[in-house]
Asks: 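The structure follows.
All of these numbers come straight from a predicted model, not from anything done at the bench. Numbers here simply count residues along the sequence, with the first being 1. Whatever order the structure lists ligands and atoms in, that order sets their numbers, starting from 1.
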Amino acid sequence: MINTDVVIIGAGPTGLFCAHQLGIIGLKCEIIDNLDKIGGQCIELYPDKPIYDIPAIPECTGEQLTNNLIDQIKPFNIKFHLSERVEEIKRQNNKWFIKTSKNTEFISPNIVIAGGVGSFEPRKFSAKVSEKLEDKSILYSIKDKSIFKDKSVAIFGGGDSALDWAIELSKNSNVTLIHRRDEFRGAQSSVNKIKELEKNKQLKIFTQYQMASVKGVDKLDSVEIKHEEGEIKSLKVDYVLGFFGLIMQLGPITNWGLNIDKKTIPVNTENFETNQKGIFAIGDICTYPGKLRLILSGFHEGALAARGCFKYAKPDEKLRFEFSTTSKTVKSRLGIKE
Ligand SMILES: Cc1cc2nc3c(=O)[nH]c(=O)nc-3n(C[C@H](O)[C@H](O)[C@H](O)COP(=O)(O)OP(=O)(O)OC[C@H]3O[C@@H](n4cnc5c(N)ncnc54)[C@H](O)[C@@H]3O)c2cc1C
């Protein structure tokens with residue numbers, strides 16, 4: 001059981017900056033995100049796009065903003081729990097008990113929900129297809145590409161992820177790329193590359209086909225794919241990879257006894273606390289009169305929520321207002337030697 005002052009749900013820009021604000025007021029936190037990387041929408045949806053309205057930064061990409069936020073919290077050695085979705089929250093002895101999809105358990109007086117528009121989840125095959133072999137032979141992301149070496153892999157999808165992985169895995173695996181349309185959506189350079197690989201017999205491509213069924217009990221044996229005009233083909237494969245993009249789901253957040261208004265959480269703008277004592281909501285997921293869904297608003301909300309957490313984490317101490325420029329305590333927390 002991990003015991004900490006604050007658990008932050010969501011490693012988007014808002015959660016990251018809130019961790020900084022907690023660090024400079026002397027509170028410990030751990031951050032959980034369902035994605036396998038840090039950065040929320042900035043890294044998942046627009047890593048290369050320039051952002052022009054971050055205060056004092058005339059232009060930076062989603063990835064640069066994320067990297068700067070990560071650098072800014074380095075002094076606090078914050079632990080991230082990635083690829084874990086927070087499933088359960090319940091009150092336990094005046095604190096909050098938190099449990100993730102990987103059964104990691106936390107106990108904390110505070111939770112900051114910086115969950116954006118919900119957790120990003122891969123779009124999947126139908127339950128009938130996915131159910132028994134998901135996470136074994138049917139996968140929606142790749143953590144260790146060495147498992148595919150010298151194996152037969154069917155990759156479904158027509159966007160950048162499907163094409164990039166088809167190109168990469170074709171070096172050491174027997175790859176078949178299957179897409180339900182004739183045209184691929186990925187970058188033209190990747191489309192050219194897979195056509196070239198097909199010509200050189202380094203991978204097979206079937207367009208206008210979709211998954212029909214999978215065969216195999218504990219282990220995948222083969223898949224059947226169906227052409228839009230009805231023809232069915234059977235492919236002997238060891239793994240199936242589905243890359244159909246991500247959907248965003250508020251998911252378990254709706255079950256935690258919080259007031260929810262049109263998929264957002266109403267908060268008190270004094271400290272961004274929700275209707276539950278010790279649970280705060282910041283960033284895109286919170287709502288209040290005049291809310292702007294911008295990164296800069298999330299930063300302000302995180303700063304106030306961090307101060308709101310203080311009274312539950314250190315009930316016997318008074319929080320003093322200090323400037324980072326002049327406070328010795330803040331500078332020592334940041335590891336700055338004078
Ligand atoms: C294309 C595009 C361009 C944009 N351009 C700008 C811009 O120019 N300027 C600007 O200010 N804003 C811009 N935005 C909006 C900005 O990206 C969002 O306001 C910002 O990302 C919100 O940050 P957040 O930290 O609140 O949430 P997010 O970035 O959405 O991060 C939330 C994180 O919480 C995780 N999460 C949710 N639920 C759970 C759970 N139960 N368990 C574990 N993890 C969970 C999610 O996986 C996600 O990683 C843009 C958005 C898009 C899509």
Asks: Walk me through it: do Glu44 and Lys37 pass the test salt bridge (charged side-chain N to carboxylate O under 4.0 Å, His left out)?
Replies: CA-CA 8 Å; Glu44 190 59 46; Lys37 44 189 164 316; 3.0 Å; yes
Asks: Taking non-hydrogen atoms only, is Leu250 closer than 4.0 angstrom to ligand 1 via side chain, backbone, both or neither?
Replies: neither
Asks: Quick one: which ligand 1 atoms are inside 4.0 Å of a heavy atom on Leu45?
Replies: 53 (C)
Asks: Any salt bridge linking Lys226 with Glu224? Criterion: basic side-chain nitrogen under 4.0 Å from a carboxylate oxygen.
Replies: no
Asks: Using heavy-atom distances only, which candidate in Gly10, Pro13, Gly39, Gly283 approaches atom 34 (O) of ligand 1 most closely?
Replies: Gly10
Asks: Could you point out which residue of Lys99, Glu30, Glu84 forms a side-chain hydrogen bond (donor to acceptor under 3.5 Å, both in side chains) with Thr104?
Replies: Glu84
Asks: Provide, to 0.1 Å, the distance between atom 39 (C) of ligand 1 and the closest protein heavy atom, together with that atom's residue and name.
Replies: Ser119 CB, 3.6 Å
Asks: For atom 19 (O) of ligand 1, what is the nearest protein heavy atom, given as residue, atom name and distance?
Replies: Asp284 OD1, 2.8 Å
Asks: Taking only distance into account, with no hydrogens and no angle test, what donor-acceptor pairs under 3.5 Å do side-chain atoms of residues 184-196 form with protein atoms, sequence neighbours excluded?
Replies:
residue : atom : partner : partner atom : Å
Gln188  : NE2  : Asn192  : OD1          : 2.9
Asn192  : ND2  : Gln188  : O            : 3.4

Asks: Counting heavy atoms only, name the option from Asp33, Ile89, Leu246 that's nearest to atom 47 (O) of ligand 1.
Replies: Asp33
Asks: Between Thr14 and ligand 1, which residue portion shows a heavy-atom distance shorter than 4.0 Å: side chain, backbone, both, or neither?
Replies: both
Asks: Please work out whether any backbone atom (N, CA, C, O) or any side-chain heavy atom from C-beta onward of Arg293 is under 4.0 Å from ligand 1, and answer side chain, backbone, both or neither.
Replies: backbone
Asks: So is Val86 polar-close to ligand 1, meaning N/O to N/O under 3.5 Å?
Replies: yes
Asks: For atom 10 (C) of ligand 1, what's the nearest protein heavy atom and its distance?
Replies: Leu294 CD2, 3.5 Å
Asks: Which protein non-hydrogen atom lies closest to atom 44 (N) of ligand 1, naming both residue and atom, and how far is it?
Replies: Asn34 N, 3.1 Å
Asks: With atoms numbered from 1 as shown, which atoms in ligand 1 lie under 4.0 angstrom from a non-hydrogen atom of Leu35?
Replies: 47 (O), 49 (O)
Asks: Quick one: look at Ile295 and ligand 1, take heavy-atom pairs under 4.0 Å, and tell me if it's side chain, backbone, both or neither.
Replies: both
Asks: Could you work out, with salt bridge (charged side-chain N to carboxylate O under 4.0 Å, His left out) as the rule, every residue matching Lys236, not counting sequence neighbours?
Replies: Asp221
Asks: Is it the case that atom CD in Gln92 sees more than 12 heavy atoms from other parts of the structure closer than 6.0 Å?
Replies: yes
Asks: Taking non-hydrogen atoms only, is Tyr46 closer than 4.0 angstrom to ligand 1 via side chain, backbone, both or neither?
Replies: side chain
Asks: At less than 4.0 angstrom from any non-hydrogen atom of Ile51, what atoms of ligand 1 do you find?
Replies: 7 (C), 8 (O), 9 (N)
Asks: Quick check on contacts: which atoms of ligand 1 are under 4.0 angstrom from a heavy atom of Glu84?
Replies: 43 (C)
Asks: Can you name the atoms of ligand 1, numbered from 1 with element, that are less than 4.0 Å from a heavy atom of Ala114?
Replies: 32 (C), 33 (C), 34 (O)
Asks: Short question: side chain of Asp5, backbone of Leu27 - any donor-acceptor pair under 3.5 Å?
Replies: no
Asks: Can you tell me how the ring of Phe243 sits relative to the ring of Trp165, calling it parallel under 30°, perpendicular over 60° and tilted otherwise?
Replies: parallel
